[in-house]
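In this chain, residues are counted from 1 in sequence order. Indexing begins at 1, ligand by ligand and atom by atom, following the structure's order.
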Amino acid sequence: MSLPPGQRSVDGFPRFGTHLHHPPPPVPADPVIEIGGAVTEAVAMPATELATLPRQELAADFHCVAGWSATGLLWEGVPFETLFRTKVEPLLESAASISHVVFEGLDGYRSIAILEDAMASDVLIADRLDGRPLDTDHGAPVRLVSPSQYGFVSTKHLCRIEFHTTEPPLPDRWSPIAAHGRARVWQEERHRYLPGRTVRPVYRWLIGPIRALSARGSRNVPR
Ligand SMILES: Nc1nc2c(c(=O)[nH]1)N[C@H]1C(S)=C(S)[C@@H](COP(=O)(O)O)O[C@H]1N2
Ligand SMILES: [Mo]
């Protein structure tokens, strides 16, 4: 299988992320996914409900914007579209009015997707990876997986999904690595303002230090 432009495969599946200063957040005893934003009523859905919805397996590679790809992962969970149709649409005045979705993790991490990208058939609310429950390194208890977009969209430790009728304010507007709004890997949408291939070396340079930091906070590596 070929990789998207500018990606190189790595061995295994490293823990990676921007919220590295601490180990992964503890898993709550009774995790919930809050559904909020432009809904008529906010709800807290117990994560256990994912077991009662139609589930899907998804074999996919995982591409970080920094340039590494983990290959041949097998995810399991509920398609975002299924969750949207069954749990969110009934809470909306008009589904057509939703333009953006914000995914928030227990560590405070946030990612943004346009609704159209989140509704793609390969976007999953995943609770299992390679036949086992998600471990804390990879997003326990539940994470988003959107393999056609760079990894930063796939919020780990998912605890809240927020629906918006306009684009939420851009958190990293002035950052040198300002995130692309769609982040599609095959289009190489790495950066909001610059062409993807021109920023490859800068991002690649970040892989080593970030991997080292992430491993330090990892629960799977002896410390
Ligand atoms: N909650 C949370 N989700 C996150 C991150 C993070 O720091 N915190 N990092 C993102 C980035 S940049 C990447 S590449 C992937 C890494 O996923 P992995 O640790 O399972 O490899 O998670 C994404 N989701
Ligand atoms: Mo990433």
Notebook entry, point to check: Does the distance from a Lys or Arg side-chain N to an Asp or Glu carboxylate O, for R132 and D127, drop under 4.0 Å?
Noted result: no

Under 3.5 Å, N/O to N/O: give me all the pairs between ligand 1 and the protein, one per line with atom names and distance.
| residue | atom | partner | partner atom | Å |
| --- | --- | --- | --- | --- |
| ligand 1 | 1 (N) | D107 | OD1 | 2.9 |
| ligand 1 | 1 (N) | D107 | OD2 | 3.1 |
| ligand 1 | 1 (N) | K156 | O | 3.0 |
| ligand 1 | 3 (N) | K156 | N | 2.9 |
| ligand 1 | 7 (O) | T18 | N | 3.0 |
| ligand 1 | 7 (O) | H19 | N | 3.1 |
| ligand 1 | 8 (N) | D107 | OD2 | 2.9 |
| ligand 1 | 17 (O) | R143 | NH2 | 3.3 |
| ligand 1 | 19 (O) | F16 | N | 2.9 |
| ligand 1 | 19 (O) | F16 | O | 3.1 |
| ligand 1 | 19 (O) | K156 | NZ | 2.5 |
| ligand 1 | 20 (O) | H138 | ND1 | 2.6 |
| ligand 1 | 20 (O) | R143 | NH1 | 2.8 |
| ligand 1 | 21 (O) | P14 | O | 2.7 |
| ligand 1 | 24 (N) | S154 | O | 3.0 |

- Message: Donor-acceptor pair, distance only, cut-off 3.5 Å: does the side chain of H157 make one with the backbone of A140?
- Response: yes

Q. What orientation do H138 and F13 show, parallel under 30°, tilted 30 to 60°, or perpendicular over 60°?
A. parallel

Looking only at heavy atoms, the pair that brings P31 and P141 closest together is CB-CG, 3.7 Å

Using a 3.5 Å cut-off and no angle test, enumerate the donor-acceptor pairs between side-chain atoms of residues 176-184 and protein atoms at least two apart in sequence or in another chain.
| residue | atom | partner | partner atom | Å |
| --- | --- | --- | --- | --- |
| H180 | ND1 | R182 | N | 2.9 |
| H180 | ND1 | A183 | N | 3.2 |
| R182 | NE | D117 | OD2 | 3.0 |
| R182 | NH2 | D117 | OD1 | 2.7 |
| R184 | NE | E189 | OE1 | 2.9 |
| R184 | NE | E189 | OE2 | 3.3 |
| R184 | NH2 | E189 | OE2 | 2.6 |

For Y109 together with F103, are the ring centres under 6.0 Å from each other?
no

